[in-house]
Amino acid sequence: MNLTDELNSNARLDFDDALRLYEMDLFELGFYADKIRQERFGKEAYFNVNRHINPTNICADICKFCAFSANRKNPNPYTLTHEQILQSVKKSYQNGAKEIHIVSAHNPHTGFEWYLEIFRKIKTAYPDLHVKALTAAEIDFLSRKYGFSYEEVIEKMVEYGVDSMPGGGAEIFDEKVRDYVCKGKVSSSDWLKIHSLWHKKGKMSNATMLFGHIEEKAHRIDHMLRLRTLQDKTGGFNAFIPLVYQRFNNFLKVKKFLGSEEILKTYAISRLVLDNIPHIKAYWATSTINLALIAQEFGADDLDGTIEQESIQSAAGAKSANGMGLKDFLDLIKTSNFIPVQRDSLYNKIKIYT
Ligand code: SF4
């Protein structure tokens, strides 16, 4: 079968076929990705009213692509108090947030309890808020730092009120590239193992991929296929989120940046390769809102959310520091000819904005 026959018959794509998708014309590729997107979701575009909180930027690790952690390029270390975090949560809750998304650097000074108490305090004050917290990289760090097994860290997360796991820390799974861009961070196999353990608890998570730095197209396909293999076993991934590498304030000396064509192709290929992960998210904080809106025509069905405040991508040059107002967000989705659907963290529909 040639590639278009395989796409027309919705056959599962192997590594070679998936890689060849990059050679296709952008609009032909987009046609096939959009076909699947429309079969599943029509013109609905999901979003979440959420708040990102990054409690500390002090980090024991030294990922070369990172502009968020306190280092000599960003010498502003901070650690929020629990009271500061709760104040932010209160404000966001009053503004209608349904999810608090908590991701930190790997601070070696706070203690494990400091993290757990954040979750407990939020859940005690706002039991109906969904707490999405601790990437697999953070779980790996906490496990190594405080001598707990992954299972024990996960047990505590559930006990203290974490509802789902974000997809961060996956970066790129290829071991050689990973060793160069984030040596010392959770290994690829352990990242997958931690998500698998989380899924075994009956919990859901997301998966990311950082692309557009030194990796090659083949590494992206390899990354997607490793996720697809795990998803076949657990079914625990809600969404795949390709994160576009941000170029400023970091130590990765990337000279050539991706153009929008390759970014859109990567969204489309994600949709076609990851036949078992329901949602493809164009996280506008990394792609820009304009490209995220276009990505809706290339397989993406989710634009993340209003975010409110964001420190990780904006430190590296993204225009996401203050999130986006709900009205603006809705208007943008509508004028791009899609129907905004507010969802909860598990993709139950809350409101359809026709
Ligand atoms: S990406 Fe995360 S783990 Fe790596 S240096 Fe930045 S904050 Fe630390």
Side-chain angles (χ1 to χ4, degrees), residues 33-34 36-53 89 92-103 122-123 126-133 161-168 195 198-199 202-208 231 235-243 267 270-271 274 276-287 289 292-310 320 323-354:
D34 186 52
I36 294 175
R37 185 228 192 275
Q38 296 235 28
E39 280 165 10
R40 294 192 188 172
F41 308 109
K43 296 296 279 184
E44 292 186 341
Y46 289 99
F47 74 96
N48 193 3
V49 179
N50 58 354
R51 167 71 189 251
H52 285 221
I53 295 182
V89 174
S92 301
Y93 187 78
Q94 287 166 347
N95 288 341
K98 305 289 182 203
E99 172 190 291
I100 301 296
H101 180 132
I102 305 170
V103 171
I122 293 174
K123 280 307 249 197
Y126 310 100
D128 57 329
L129 258 184
H130 184 103
V131 174
K132 181 185 282 179
V162 176
D163 296 297
S164 67
M165 267 177 70
H195 279 263
W198 181 253
H199 297 165
K203 301 281 189 182
M204 302 300 285
S205 66
N206 289 336
T208 59
Q231 180 75 340
F237 290 119
N238 263 331
F240 176 63
I241 313 164
L243 300 172
Y267 284 121
S270 309
R271 170 59 76 196
L274 294 170
N276 55 1
I277 297 185
H279 301 282
I280 303 296
K281 185 188 288 191
Y283 182 45
W284 64 267
T286 71
S287 66
I289 187 65
L293 292 167
I294 298 169
Q296 296 176 108
E297 307 274 1
F298 289 82
D301 63 287
D302 188 314
L303 298 181
D304 195 79
T306 48
I307 299 176
E308 276 200 42
Q309 201 169 21
E310 195 279 329
S320 50
M324 192 181 307
L326 181 58
K327 186 175 177 311
D328 291 344
F329 202 61
L330 295 174
D331 286 348
L332 284 167
I333 295 173
K334 282 184 180 174
T335 51
S336 66
N337 203 25
F338 283 82
I339 304 163
V341 176
Q342 186 185 346
R343 61 165 176 83
D344 67 14
S345 306
L346 301 175
Y347 287 86
N348 299 301
K349 294 179 186 180
I350 296 175
K351 185 168 178 181
I352 301 174
Y353 291 84
T354 48

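For the numbers below, each heavy atom of this structure counts, side chains included, while hydrogens, waters and symmetry mates do not.
Here the closest non-hydrogen pair linking S270 and F240 is OG-CE2, 3.3 Å. Closest of all the heavy-atom pairs between R37 and A45 is NH2-CA, 3.9 Å. Nearest approach of T208 to G167, heavy atoms of both residues: OG1-O, 2.6 Å.
Annotation: side chain to side chain donor-acceptor pair (under 3.5 Å) contacts of N337 (sequence neighbours excluded): none. H130 pairs by the ring pair (Phe, Tyr, Trp, His ring centres under 6.0 Å) definition with nothing, not counting sequence neighbours. The side-chain contact (heavy atoms from CB on, under 4.5 Å) check on I352 picks up E44, I339, V341, K349, T354, with sequence neighbours excluded. Qualifying side-chain contact (heavy atoms from CB on, under 4.5 Å) partners for L129, counting only residues two or more places apart in sequence or in other chains: V89, Y93, I100, I122, Y126. With sequence neighbours left out, the salt bridge (Lys or Arg N to Asp or Glu O under 4.0 Å) criterion links E99 to K132. Judged as a side chain to side chain donor-acceptor pair (under 3.5 Å), and not counting sequence neighbours, the contacts of K123 are D163. Partners of R271 according to the salt bridge (Lys or Arg N to Asp or Glu O under 4.0 Å) rule, which considers only residues two or more places apart in sequence or in another chain, are D301. Scanning for side-chain contact (heavy atoms from CB on, under 4.5 Å) contacts around P278 gives Q231, with sequence neighbours left out. Residues passing the ring pair (Phe, Tyr, Trp, His ring centres under 6.0 Å) test with F237, sequence neighbours excluded: H195, H199. For K327, the side chain to side chain donor-acceptor pair (under 3.5 Å) partners two or more places apart in sequence, or in a different chain, are D331. Remark: D302 pairs with R343, Y347 by the side chain to side chain donor-acceptor pair (under 3.5 Å) rule, at least two apart or across chains. Partners of I294 according to the side-chain contact (heavy atoms from CB on, under 4.5 Å) rule, which considers only residues two or more places apart in sequence or in another chain, are L264, L291, F298.
For the pair Y283 and N206, the minimum side-chain heavy-atom distance is 4.5 Å or more. Put simply, the side chain of S345 does not reach to within 4.5 Å of the side chain of K98, judged on heavy atoms. Side chains of L332 and M324 form a contact here, defined as non-hydrogen atoms less than 4.5 Å apart.
A donor-acceptor contact shorter than 3.5 Å is absent between the side chain of N238 and the backbone of L346.
Taking the six-membered ring for Trp and thresholds of 30 and 60 degrees, F329 and F47 have ring planes more than 60 degrees apart, a perpendicular arrangement.
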Under the side chain to side chain contact (heavy atoms under 4.5 Å, CB included) criterion, do N50 and D304 qualify, and how do the steps go? CA-CA 8 Å; N50 58 354; D304 195 79; 3.3 Å; yes
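Taken from CE in M165 to CH2 in W198, the straight-line distance is 7.0 Å, to the nearest 0.5 Å.
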